[in-house]
Protein chains: 2
Amino acid sequence: MSRDTEDGTVGKALAVLDQVAAFGHPVRFGEILSKSAYPKPTLYRFVQTLTNQGMLSYDPDRQTYAPGVRLVRLAHAAWAQSTLAPVARPYLDALSADVGETVHLAQLDNAQVLYLDKRNAVQPVQMYSQAGKVGPAYCTGVGKVMLAFTPEPQLDRIIAQQSFHAFTPETLTTPDALMEELDNIVARGYGFDREEHEPGIICIAVPILTEKGRPLGGLSVTSTTARQSLDKLEKLAPMLQQTARDIAYDAAHWHIKDED
Amino acid sequence: MSRDTEDGTVGKALAVLDQVAAFGHPVRFGEILSKSAYPKPTLYRFVQTLTNQGMLSYDPDRQTYAPGVRLVRLAHAAWAQSTLAPVARPYLDALSADVGETVHLAQLDNAQVLYLDKRNAVQPVQMYSQAGKVGPAYCTGVGKVMLAFTPEPQLDRIIAQQSFHAFTPETLTTPDALMEELDNIVARGYGFDREEHEPGIICIAVPILTEKGRPLGGLSVTSTTARQSLDKLEKLAPMLQQTARDIAYDAAHWHIKDED
DNA sequence: AAACTTAGTTTCACATGTTGGAACTAAAAT
DNA sequence: ATTTTAGTTCCAACATGTGAAACTAAGTTT
């Protein structure tokens with residue numbers, strides 16, 4: 001259904017856009033060129049086109065390119081119309097107030113985890129800095145619960161794209177180890193992050209599933225080993241599962257419009 | 001420099017993306033078709049391509065398309081790398097704490113005002129619901145101050161694209177009236193929204209200018225006629241101007257990277 | 001249940017837009 | 001003044017996008 005293969009000029013242009021975004025800072029044409037497979041004039045035309053379109057912005061003083069503001073406008077629409085994000089918002093508020101720990105709402109984007117929303121107990125919400133962030137699927141709580149409920153054909157494709165980089169000593173670094181973990185998650189109905197991505201950071205996560213059992217997204221409560229234990233987090237499982245069911249129900253029956 | 005003319009296949013595809021986003025809710029193929037100038041198969045291919053690329057997401061149950069999550073990821077990069085938004089954040093926090101009214105950071109996107117960030121005195125920050133929102137340039141405080149400092153050739157193009165719709169009795173509805181207002185703003189160094197966009201809503205706005213006087217963005221403090229008067233808001237002008245200068249300075253000298 | 005309507009998808013000859021080697025210009029570096 | 005590097009334009013060869021027409025699937029009417 002979804003191709004990683006670039007289709008057509010549009011796909012190539014968007015791949016260039018991703019490239020630029022991946023740098024994480026404004027870049028000069030030459031820098032993009034050095035990381036790109038395209039010949040100079042071809043890449044140049046892509047960059048021009050994207051710039052004309054407002055998908056890239058060009059700083060004439062520094063002669064650098066960065067992802068353009070048009071994306072911010074489009075993303076607002078994407079967020080507001082996404083099945084999950086607007087519906088889940090009040091539930092995140094409630095959860096956050098209840099548990100007093102960091103709460104995440106995420107979704108699979110290709111083979112990565114994409115964070116759609118966040119509540120942090122300590123400081124007030126700072127969404128843009130977090131929503132839109134991506135992380136690995138194979139070593140985060142939300143990532144694994146979503147994978148666990150992803151059917152075979154897709155799952156294989158996604159697993160093939162994981163880096164299996166060992167962020168910590170606890171990281172699962174082989175497809176086999178991950179598959180076993182996914183089986184456990186399905187059996188249990190929820191999953192953990194046991195310091196697999198960052199030392200000292202643990203989490204419990206539940207999937208948000210459609211009626212047909214397809215994973216829409218994931219919900220997690222994150223804490224530190226200093227403050228919580230996995231056992232204590234596990235006590236939240238029933239409540240999280242109920243919240244996930246509520247969100248799934250609302251997502252299936254509502255549809256919110258973009259408003260002030 | 002920037003074209004509204006569609007260049008190539010990429011431009012056309014992105015125009016389709018805008019179309020879909022403009023609906024404000026998930027749409028079926030036929031709905032897009034009815035608003036599009038393209039013949040059925042052509043549009044169909046665009047929609048397919050965009051869907052494959054993750055720029056549109058397709059809901060198989062409802063058979064609807066909506067802007068895709070890939071945009072959220074890209075927008076995160078755009079926001080984090082934008083010259084203004086990350087730099088301005090702490091200043092907005094401070095301003096908001098100081099004045100206790102709604103504070104906006106905006107930028108020009110094509111001929112529209114695009115809100116990049118917001119602080120609301122009442123409830124904690126809810127950025128995604130606001131950042132990315134667009135508004136008219138000719139009848140908002142931030143819009144007018146940015147236009148006021150936009151040089152002739154561009155300004156004409158932008159003004160030609162304004163609708164001059166009369167949102168309220170106070171709305172400036174002719175290019176001439178707007179030009180006169182812009183002159184006043186340049187002379188004064190700041191501008192107002194005198195209930196021109198929404199009845200009862202007033203604001204004071206200042207431009208954020210580069211060393212060369214090019215407008216990077218705008219900063220505004222919004223209130224209601226019930227709580228504030230224009231005279232009282234005007235007292236904030238010096239402080240806002242100083243903040244704008246500070247932001248401009250930081251924007252020119254810093255460059256922040258994407259971090260946690 | 002057959003006939004009709006509407007929404008979505010596939011096909012294919014044609015032409016338009018994309019490609020990239022080569023050649024050019026602008027600006028630094030030597 | 002000369003060389004090097006970065007950015008830009010040209011254009012012939014060719015790959016890709018185009019859209020009328022034809023088709024399938026689903027829903028509606030008689």
Side-chain angles (χ1 to χ4, degrees), chain A residues 1-23 25-68 81 212 255, chain B residues 1-23 25-68 81 212 255:
Chain A
M1 192 58 66
S2 64
R3 270 281 67 67
D4 336 291
T5 327
E6 303 173 353
D7 41 354
T9 317
V10 177
K12 294 176 200 171
L14 293 175
V16 171
L17 184 58
D18 270 342
Q19 290 249 27
V20 176
F23 278 97
H25 59 94
V27 280
R28 306 197 48 174
F29 174 72
E31 297 181 70
I32 312 171
L33 183 61
S34 68
K35 289 251 180 179
S36 168
Y38 295 112
K40 217 198 291 187
T42 305
L43 210 230
Y44 182 71
R45 235 176 315 100
F46 278 135
V47 171
Q48 288 274 94
T49 304
L50 289 167
T51 305
N52 285 340
Q53 292 298 329
M55 302 297 279
L56 285 178
S57 69
Y58 180 67
D59 180 338
D61 299 330
R62 297 161 186 268
Q63 295 192 92
T64 54
Y65 296 89
Q81 294 180 36
K212 291 162 190 159
H255 246 302
Chain B
M1 191 59 67
S2 65
R3 269 282 66 69
D4 335 291
T5 327
E6 304 172 353
D7 39 357
T9 317
V10 178
K12 294 176 198 170
L14 293 176
V16 170
L17 184 58
D18 269 342
Q19 291 249 29
V20 176
F23 279 96
H25 60 94
V27 280
R28 306 196 51 175
F29 174 72
E31 297 182 70
I32 312 171
L33 183 61
S34 68
K35 289 252 179 177
S36 168
Y38 294 112
K40 217 198 290 188
T42 304
L43 210 230
Y44 183 71
R45 235 175 316 100
F46 279 135
V47 170
Q48 288 272 96
T49 304
L50 290 168
T51 306
N52 286 339
Q53 293 297 328
M55 303 296 280
L56 285 178
S57 69
Y58 180 66
D59 180 339
D61 299 330
R62 297 160 185 269
Q63 296 193 93
T64 54
Y65 296 90
Q81 293 179 39
K212 292 163 189 158
H255 247 301

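Here the structure is a predicted model, which means the values were calculated and not measured. Labels below follow one simple rule: chain letters A, B, ... track the order of the sequence lines, proteins then strands, and each chain is numbered from 1.
- C:dG20 atom P lies 8 Å from atom OH of A:Tyr38, rounded to whole Å.
- Closest of all the heavy-atom pairs between A:Gln81 and B:His25 is OE1-C, 3.3 Å.
- Using bins of under 30°, 30° to 60° and over 60° for the plane-to-plane angle, the ring pair A:Tyr65/A:Tyr58 lands in the tilted bin.
- Minimum interatomic distance between A:Pro67 and A:Ser57 (heavy atoms only, all atoms of both residues): O-OG, 4.0 Å.
- At its two ends the helix from C:dA1-D:dT30 to C:dA29-D:dT2 runs along axes set 30° apart, each axis drawn from five pairs and the angle rounded to 10°.
- When all heavy atoms of B:Val10 and A:Thr49 are compared, the pair lying nearest together is CB-CG2, 3.9 Å.
- Atom CD of A:Gln19 sits about 10.5 Å away from atom CG of A:Leu33, to the nearest 0.5 Å.
- Considering every non-hydrogen atom in both B:Met55 and A:Met55, the closest pair reads CE-CE, 4.1 Å.
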Please write out the pairs of protein N or O atoms and N or O atoms of nucleotides 7-15 of chain C separated by less than 3.5 Å, giving the distance to one decimal.
| from | atom 1 | to | atom 2 | distance (Å) |
| --- | --- | --- | --- | --- |
| C:dA7 | O3' | B:Arg28 | NH2 | 3.4 |
| C:dG8 | OP1 | B:Arg28 | NE | 3.3 |
| C:dG8 | OP1 | B:Arg28 | NH2 | 2.9 |
| C:dG8 | OP2 | B:Gly30 | N | 3.0 |
| C:dG8 | N7 | B:Lys40 | NZ | 3.1 |
| C:dG8 | O6 | B:Lys40 | NZ | 2.9 |
| C:dT9 | OP2 | B:Tyr44 | OH | 3.2 |
| C:dT9 | O5' | B:Tyr44 | OH | 2.7 |

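- Across all strands, A:Thr42 comes closer than 4.0 Å to base atoms (heavy-atom distances).
- Summarising the geometry of B:Lys12 relative to B:Tyr38, their closest heavy-atom pair is CG-OH, 3.1 Å, with the distance given to 0.1 Å.
- Chain A approaches DNA chain D over the interval D:dA6 to D:dG17, counting the first and last nucleotide 5' to 3' with an atom under 4.0 Å from its heavy atoms.
- Side-chain contact check for A:Leu17 versus A:Phe46: every heavy-atom pair is 4.5 Å or farther apart.
- When side chains are defined from C-beta on, B:Pro26 does not count as touching B:Arg62, because their heavy atoms never get closer than 4.5 Å.
- Under the 4.5 Å side-chain criterion, counting only non-hydrogen atoms from C-beta, B:Lys40 is in contact with B:Phe29.
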